[in-house]
Amino acid sequence: MISKTYNPKEIEDKWYQYWTDNKYFKSTPNPDKEPYCIVIPPPNVTGVLHMGHMLNNTIQDVLTRKARMEGKEALWVPGTDHASIATEAKVVAMLKEKGINKSDLTREEFLKYCWEWTEKYGGIILQQLRKLGASCDWDRTRFTMEPNLYDAVIEVFVDLYNKGEIYRGYRMVNWDPQAKTTVSDEEVIMKDIQQKLVYIRYDGDEGSVTIATVRPETIMADSAICVNPADERYQDLIGKKVRIPLINREVKIIADEYVTVDFGTGALKVTPAHDQNDYTLGQKHGLAVIDILTDDGKLNEKAQILVGEDRFVARKKIIKMLEESGNLVKVEDYKSNVGTSERTGAVIEPKVSLQWFMKMKDLSEPALKNVMDDTIQFIPPKFKNTYKYWMENVRDWCISRQLWWGHRIPAFYMPDGTCIVAANKKEALKIARNKYQLFALSEHDLTQDEDVLDTWFSSWLWPMSVFDAFKNPDNEDIKYYYPTNDLVTAPEILFFWVARMIIAGYEYRGNYPFKNVYLTGIVRDKQGRKMSKQLGNSPDPLDLIAQYGADSVRTGMLFSSPAGNDLLYDEKLIEQGRNFNNKIWNAFRLVEGWEVSETIGQNPASAKAVLWFQSKFNKVLAETLDHYNKFRMSDALMSTYTLIWDDFCSQYLEMIKPAYVDGKSLPIDKQTYEATLEIFDALMRLAHPWMPFITEEIWQNIKTRKANDSICIAPFPTVGAIDEEILGDFEILSEIVSNVRNTRNAKQISPKEALPLAIKATNKARYEALAGLIQKLANISAIQYVDDKAEGISFVIKGDEFMIDLGSNVDVETEKANLTKELDYTSGFKKSTEAKLSNERFVQNAKPEIIEKERQKLADAEAKIKALEEALAKLG
RNA sequence: GGGAGUUUAGCUCAGCUGGUUCAGAGCAUCUGCCUUACAAGCAGAGGGCCGGGGGUUCGAAUCCCUCAACUCCCA
């Protein structure tokens, strides 16, 4: 006999190996089948599996496995992302530990280290996904820096440049002084920070003005003071000059409606080099841009004072200096939002610099339209709102990064600085010669741009580039699998990634990259905190899998994961998953252990039970499919969970379980046994997408399978006939059984003690058909049909009365009280129904089926009241 | 400051276009059981003025208004 508790460790590796050996996850275009495709959101090459990945990838696997079983040509493409800034930061840190500075290395040397790092750690996360049971086609594993994908990025850059969609220009960007690179708007995290609002007086020959700023260290970069033209306080000063304290440079006082009259003093220092809004204001008024900061956030010689000091040190020091010079008016506490780098945490420095940009306005139009009209469906749809807002207010995308690890910008500069964009130096040289007639020019005269492209500039092509759609636009793969079906990802990267993939999809394939976008929530701990390494509140997924098994973790994660809503992780959920596995395991042990008799005939009760369960199965299956179609993953899982646990284990198996005589199970008839195995088979196929390992193990044990067969490729169940009558009968059966059990419980009678049941029914035949099952499930010694009264405790179902004779065990007063209570409730209910039906406006306005329903309720209530009154009368 | 979302049992959540035998599920709690597949189990039970207030309606958890709290996005 197999072990009493399910031990996932023993089987998981075995089956995964079996699946991959047999290439069940491999997919190639097959015109006879409908394609189903998901591309994985490529995890960082340096990353390790965390709980968010577990959730996300389990959902993708469930969808893929189900599609595969449904006979679709299912493909889940795996891969990793080079993660420019994150990886480079890690490699820099690793080198630093070895005592090597990045600045001491050539670009080529540094990249060699990056590739080494990638080879060493790049595969880890994909290996971890295998532990989870992920059914990816591993032969198709892609990496955003591999040659074909690299070339695709370069090709797209050149193409968009030639179309005029990419340009180079001075713009204010978010500068990360620690990583010494720009970061995109989306990579800036705003934080509320307690600051000091410093009031500084600027003196002039014709008056003085006081401004308020949180950045006093930038006064040396001021180009003007600005006031609102309507502000009466400053009318006289407009056009006059004042001197910047400490350095005594003169700046003009200008007027612009941009300035808020009631903020601070109503006078604003304008520092175009170090503030986005000031930059815009400066452009409007033709002000000088004076950059006083170095790339790593220190004051440079243009500041004249505090040169070489860090910006924050300088801030403190200058307040003291202003105090000494007498220009400090006052200092107030002030809370404001400060941008910080998502990668390094450093406070972002707005900085004017020469960068590459992509125009977003025109390109994003189809991407907006097709989401808003549900051509691409967001699940849940509430994310359409944020998407719309972002797309309508989209700004040009700064795509250059001052890093080495990534796709190097294919721009080449001639000695005079002229820029040529081409796929490579050779092409660039050709252009130089043709366009500029510089035939003497050689490759040596061209220098390539030092910067690389934003990581998202490669991942936005992912659904196409994994199929080599750029190198070979008409290949079979891209024609067959694109557009893909579902994308499963986190809302956090809706703009970073999803929106841009949609843009790229329309630009390069004229079609959406995926039909549905399922947005998962964030995995949080019980206190609602986001799981993170820093907090140490995230369990290691591999430990969990080792402890509970992959199927338990998968189901545990999905028990409570509404789309787009955060998931509050609790290990209890994983435990519940494990218990479910164990339940299935033991159900199989029970069935497997039965002795089968070829000779005994099928018990009518068992025959009925089989019919019932088949209907029940189909009904629940239909509901489950509906949940799947609506991407209600938790609900779909819960339907399967209760079908297996409650309906199959608690009900069905108890119904057909052979009797026990003398501590030994009697044999089961062959017919029921075979039917049960069929049911078990179907249940395993239904559950397989959720729990691939245990279902494979059991499925393989249900009967001898063909060589190289697997549940992975077995057909997913389809909805068959549903007999509502038998479902209704079994509802009543279960009510009777639980009433008897309740009575037992209340009277402290052992479930082992068989009791007699008397039924006073209008439709005797209905109960006769169920008699065997009633006796078995409720442990009834004998059923007697009566026309009138019978002794014992009674309960009423649908106007029929049931009586259990407990002999002297009955406390008449308690019984009376119970029956009276129920009678009161039913009478009250009847009254409200009558009131409704006698309300003319109700009868006039309500839909006919609603009224019919009310009539039925009334009739049921009346029958019940009658039966209850009779029961009470009997008690005297 | 602008926008979106959430608020239903102790917890996490379902409740579609209004119909009340719909206030539901899972978990947790409580009671009784080592019943011979499973104590990772079995059989039961309790628990909620559906955030507050107002309105529309014959009828509202479900629609409208308003207030409050929380969350997220953007500035």
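This structure is a prediction, so every number in the text was calculated from the model and none was measured. In what follows, every heavy atom counts, from backbone to side chain, and hydrogens, waters and symmetry copies are set aside. A, B, ... follow the sequence lines: proteins, then strands. Residue 1 opens every chain.
- Side-chain atoms of A/N581 come within 3.5 Å of backbone atoms of A/G577 as a donor-acceptor pair (strictly under, hydrogens ignored).
- Side-chain N/O atoms of A/D374 and A/Q377 include no donor and acceptor closer than 3.5 Å.
- For B/A40, the OP1/OP2 oxygens have no side-chain nitrogen or oxygen of A/R578 closer than 4.0 Å.
- Contact annotation: A/N582 side-chain N/O to B/G41 OP1/OP2 distance is not under 4.0 Å.
- Legend: residues meeting side chain to side chain donor-acceptor pair (under 3.5 Å) with A/E595, ordered by chain and number and at least two apart, are absent.
- One can place CE of A/M391 at 18 Å from C1' of B/G3, the figure rounded to the nearest angstrom.
- Between B/C11 and B/G52, the two P atoms lie 15 Å apart (nearest whole Å).
- The distance between atom CD of A/Q576 and atom C1' of B/U12, rounded to the nearest whole Å, is 11 Å.
- More than 12 heavy-atom neighbours from other residues, nucleotides or ligands sit within 6.0 angstrom of CD on A/E834.
- Within the structure, the side chain to side chain donor-acceptor pair (under 3.5 Å) test picks out the following pairs touching residues 728-741 of chain A (sequence neighbours left out): A/D729-A/R766.
- Ranking B/G26, B/A43, B/C38 by closeness to the A/R741 side chain, first place goes to B/A43.
- Stems are defined here as 3 or more consecutive Watson-Crick or G-U wobble pairs with pairing distances under 3.5 Å; those involving RNA chain B are B:1-7 with B:68-74, B:10-13 with B:24-27, B:29-33 with B:41-45, B:51-55 with B:63-67.
- Comparing the C1' positions of B/U71 and B/A25 gives an interatomic distance of 25 Å, to the nearest angstrom.
- Nearest-nucleotide assignment on RNA chain B puts the 5′-proximal partner with A/Y641, out of A/Y660 and A/Y641.
- Rounded to a whole Å, the CG atom of A/N7 is 17 Å from the P atom of B/C38.
- In this entry the distance linking CD of A/E654 with C1' of B/G41 reads 12 Å, nearest Å.
- For A/A859 and A/L653, each mapped to the nucleotide of RNA chain B holding its nearest heavy atom, the one lying further toward the 5' end belongs to A/A859.
- Across the P atoms, B/C63 and B/C70 are found 24 Å apart, a figure rounded to whole Å.
- For A/K583, taking side-chain heavy atoms from C-beta onward, the closest of the listed nucleotides B/A25, B/C42, B/A14 is B/C42.
- B/A75 sits 27 Å from B/C67 when the P atoms are compared, rounded to a whole Å.
- Rounding to whole angstrom units, OH of residue A/Y389 and C1' of B/G1 are separated by 11 Å.
- Applying the 4.0 Å criterion to OP1 and OP2 of B/A37, one finds that A/W645 has every side-chain N and O outside that range.
- Shown here are the side chain to side chain contact (heavy atoms under 4.5 Å, CB included) partners of A/Q576, two or more places apart in sequence or in another chain: A/F559, A/L573, A/Y641.
- For B/G41, neither phosphate oxygen OP1 nor OP2 lies less than 4.0 angstrom from any side-chain nitrogen or oxygen of A/N586.
- For A/T386, the side chain to side chain contact (heavy atoms under 4.5 Å, CB included) partners two or more places apart in sequence, or in a different chain, are A/F383, A/L494, A/F495.
- Residues passing the salt bridge (charged side-chain N to carboxylate O under 4.0 Å, His left out) test with A/E725, sequence neighbours excluded: none.
- Seen from the ring of A/W397, A/R500 counts as a face-on cation partner, given the 6.0 Å and 45° thresholds.
- Across the P atoms, B/C16 and B/U31 are found 37 Å apart, a figure rounded to whole Å.
- Checking A/N277 against A/T280 by side-chain atom types alone, no donor-acceptor pair falls below 3.5 Å.
- Rounded to an integer number of Å, the gap from A/F588 CZ to B/C38 C1' is 15 Å.
- Counting any heavy atom pair closer than 4.0 Å across all strands shown, A/S665 reaches no nucleic acid atom.
- Listed by chain and number, the residues in a salt bridge (charged side-chain N to carboxylate O under 4.0 Å, His left out) with A/E724 are A/K619 (sequence neighbours excluded).
- Among the atoms of the strands shown, base atoms are found under 4.0 Å from some heavy atom of A/K657.
- Of the candidate nucleotides B/A39, B/A37, B/G26, B/A39 has the atom lying nearest to any side-chain atom of A/K4.
- With sequence neighbours excluded, the residues forming a side chain to side chain contact (heavy atoms under 4.5 Å, CB included) with A/K572 are A/D570, A/E575, listed by chain and number.
- The listed nucleotides are B/A43, B/A37, B/G44; the one nearest the side chain of A/S650 is B/A43.
- Put simply, CE on A/M691 is 17 Å from P on B/A40, counting in whole angstrom units.
- Distance check on atom C1': B/G10 versus B/G5 gives 25 Å, rounded to whole Å.
- In this structure, the side chain to side chain contact (heavy atoms under 4.5 Å, CB included) partners of A/V338, at least two apart in sequence or on a different chain, are A/I193, A/Q195, A/S336, A/V347.
- A distance of about 10 Å separates the C1' atoms of B/U35 and B/A43, rounded to the whole Å.
- Residue A/R524 is out of contact with every strand shown, counting any heavy-atom pair closer than 4.0 Å.
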Which atoms of nucleotides 4-10 of chain B (N or O only) lie under 3.5 Å from a protein N or O atom, and what are those distances?
from : atom 1 : to     : atom 2 : distance (Å)
B/A4 : O3'    : A/N385 : ND2    : 3.4

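- Under the rule for a side chain to side chain donor-acceptor pair (under 3.5 Å), A/N579 has no partner lying at least two apart in sequence or in another chain.
- A straight line from CG of A/L573 to P of B/C13 spans 11 Å, rounded to a whole angstrom.
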If you restrict it to nitrogen or oxygen atoms, what contacts under 3.5 Å exist between nucleotides 28-35 of chain B and the protein, and what is each distance?
none

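- The P atoms of B/U62 and B/G51 are separated by 8 Å, rounded to the nearest whole Å.
- For the OP1/OP2 pair of B/G15 and a distance below 4.0 Å, the side-chain nitrogens and oxygens of A/R632 include at least one atom meeting the criterion.
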